[in-house]
2 protein chains.
Amino acid sequence: MDTLSTSTTAARAPGRPREFEIDAALDKAIVVFSERGYHAASISELKDAMGLAAGSLYKAFKDKKAIFLASFDRYKQVRNALLEAEIAKGENGRDKIARVLHFYAEASQGEMGRRGCLVVGTASELAVTDIDAAERVTRSHARTEALMESLVREGQADGTVGAGIDPIHTSKILVCVMQGMRVMGKTGDTTGQAFLVADTALRLLD
Amino acid sequence: MDTLSTSTTAARAPGRPREFEIDAALDKAIVVFSERGYHAASISELKDAMGLAAGSLYKAFKDKKAIFLASFDRYKQVRNALLEAEIAKGENGRDKIARVLHFYAEASQGEMGRRGCLVVGTASELAVTDIDAAERVTRSHARTEALMESLVREGQADGTVGAGIDPIHTSKILVCVMQGMRVMGKTGDTTGQAFLVADTALRLLD
DNA sequence: CCTATTTGGAAACGATCATTTCCAAATTGA
DNA sequence: TCAATTTGGAAATGATCGTTTCCAAATAGG
């Protein structure tokens, strides 16, 4: 609701001021939702992780689903910011694509890998039964696909990606590879394998 | 437990005989678990879908988790049989790999796509918190990876797959692509796209 | 026919779930 | 200083969950 006012110096609303930061609390909720899933994450667990009383939770959010959707949006915002910072370091189209793949490979390993991707988890557990969750997943996939397509075209323009490949088909398979890496990361096989997958995927750009 | 005795003509156990077939009931449970997930699938929902009373369910299975694991094992058995039948139709290594990718592409579309893959769902929802589920997911991934690796080597031997590619790296990325297709299928985008991904993935074999 | 054993199925069970209620505390505007 | 408003937090609420209990029905062995 008033997420915007946290970044401005707006006149404070009447009443006792909130004693916790919404975004910091959501960052804790993201961990719980990611590794336990939506249904297994109880309010009791969430409030403990977020350091809040149940009453305070329900004053900040309408219900459990609202907590989840806010966590999802926060997750996407944070991850997108990190991803774009990584892409900005790239020198050309191919290098930028490699950085995206490595970004996902990194997230698919160790503790973060076992924790899992909130988008993949939402697609698996909620997309069929909840339209709001499904819309967010669809939007996320579409955005990632559009990003990859633009990077492929950038690579073709600067000569680092083969002129003969199809940007649309290639962006679709790259998104599949990234989602698949996150699935594999949940059972955390031996470290380093995700980077092998990422580097092998680059062959699709030749 | 006595899954074996159903296929033999063993002397019947004492007591009233079971009036339903375990495998047929599990096939119904697979649908519920796949599209709702483990935690959202209630016993009430499962017994309705399986056409059983709760009491009968608990005489056939120890608890909800046992129903799930039996469903998972049944799912893998059925899908593996179908997949191997499809592979058997292939004329060479590359053709067999194409058939595997198309098998997953087909499953990633329409109603079956929305229903989802029980392996992917289990990886997302249960792998972190349940060791029995995690072991099954890991075993499934390992098996699929070994299968793809053998097909890559077969293709290299018969000349339909490039001699220079790494069978291990390539099998890993192919598994990622297949898992990723199943994730994308949950939000069921426009039909036919999964097959484009499958065909594009074949470029990894050149 | 009799006992032992197992199933089918309805009803009951305690536990846990998401959510609400209630009251003291903290703030704003008048 | 005095309403009005909002939060923090503990306790209570009703619903639903997974599971068990209970009894009639159906089989096998003797």
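Since the structure is predicted, the reported quantities are computational estimates derived from the model, not experimental observations. Numbered from 1 within each chain, the chains take letters A, B, ... in sequence-line order. Basis for what follows: all heavy atoms, side chains included, without hydrogens, waters or symmetry-related copies.
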Can you see which heavy atom on [X] is nearest to which on [Y], and at what distance?
X      : Y      : result
A/A127 : B/K186 : CB-O, 4.2 Å
B/A60  : B/I22  : CB-CD1, 4.0 Å
B/R203 : A/L204 : NH1-O, 2.9 Å
B/T187 : A/A134 : CG2-O, 4.0 Å

Taking atom [atom2] of [N] as reference, at what distance in whole Å does atom [atom1] of [X] sit?
X     : N      : atom1 : atom2 : answer
A/Y58 : C/dC17 : OH    : C1'   : 9 Å
A/L57 : D/dG8  : CG    : P     : 10 Å
A/L52 : C/dA18 : CG    : C1'   : 16 Å
A/K64 : C/dT16 : NZ    : P     : 15 Å

Within residues 31-49 of chain A, residues whose heavy atoms come under 4.0 Å of DNA chain C =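 A/A41, A/S42, A/I43, in order of number.
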With sequence neighbours left out, which residue pairs that include part of residues 43-60 of chain B fulfil the side chain to side chain donor-acceptor pair (under 3.5 Å) condition?
->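 Of all non-adjacent pairs touching residues 43-60 of chain B, those that pass side chain to side chain donor-acceptor pair (under 3.5 Å) are B/R36-B/E45.
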With distance as the sole criterion, is a donor-acceptor pair present between the side chains of A/H39 and B/E125 under 3.5 Å?
->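 Side chains of A/H39 and B/E125: no pair found under 3.5 Å.
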Which one of A/V137, A/L69, A/D130 satisfies the side chain to side chain contact (heavy atoms under 4.5 Å, CB included) criterion with A/T122?
->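 The single option meeting the side chain to side chain contact (heavy atoms under 4.5 Å, CB included) with A/T122 is A/V137.
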Toward the 5' end of DNA chain D, by each residue's nearest nucleotide, B/K62 or A/G51 |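 The residue whose closest nucleotide sits nearer the 5' end is A/G51.
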Please produce a list of atom pairs where a protein N or O lies less than 3.5 Å from an N or O of nucleotides 5-7 of chain D.
{"from": "D/dT6", "atom 1": "O2", "to": "A/R16", "atom 2": "N", "distance (Å)": "3.0"}
{"from": "D/dT7", "atom 1": "OP1", "to": "A/R18", "atom 2": "NH2", "distance (Å)": "3.3"}
{"from": "D/dT7", "atom 1": "O4'", "to": "A/R16", "atom 2": "O", "distance (Å)": "3.3"}
{"from": "D/dT7", "atom 1": "O2", "to": "A/R16", "atom 2": "NH1", "distance (Å)": "3.2"}

Any cation-pi pair here, A/K64 with A/Y38, using under 6.0 Å and within 45°?
->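 Yes, a cation-pi geometry.
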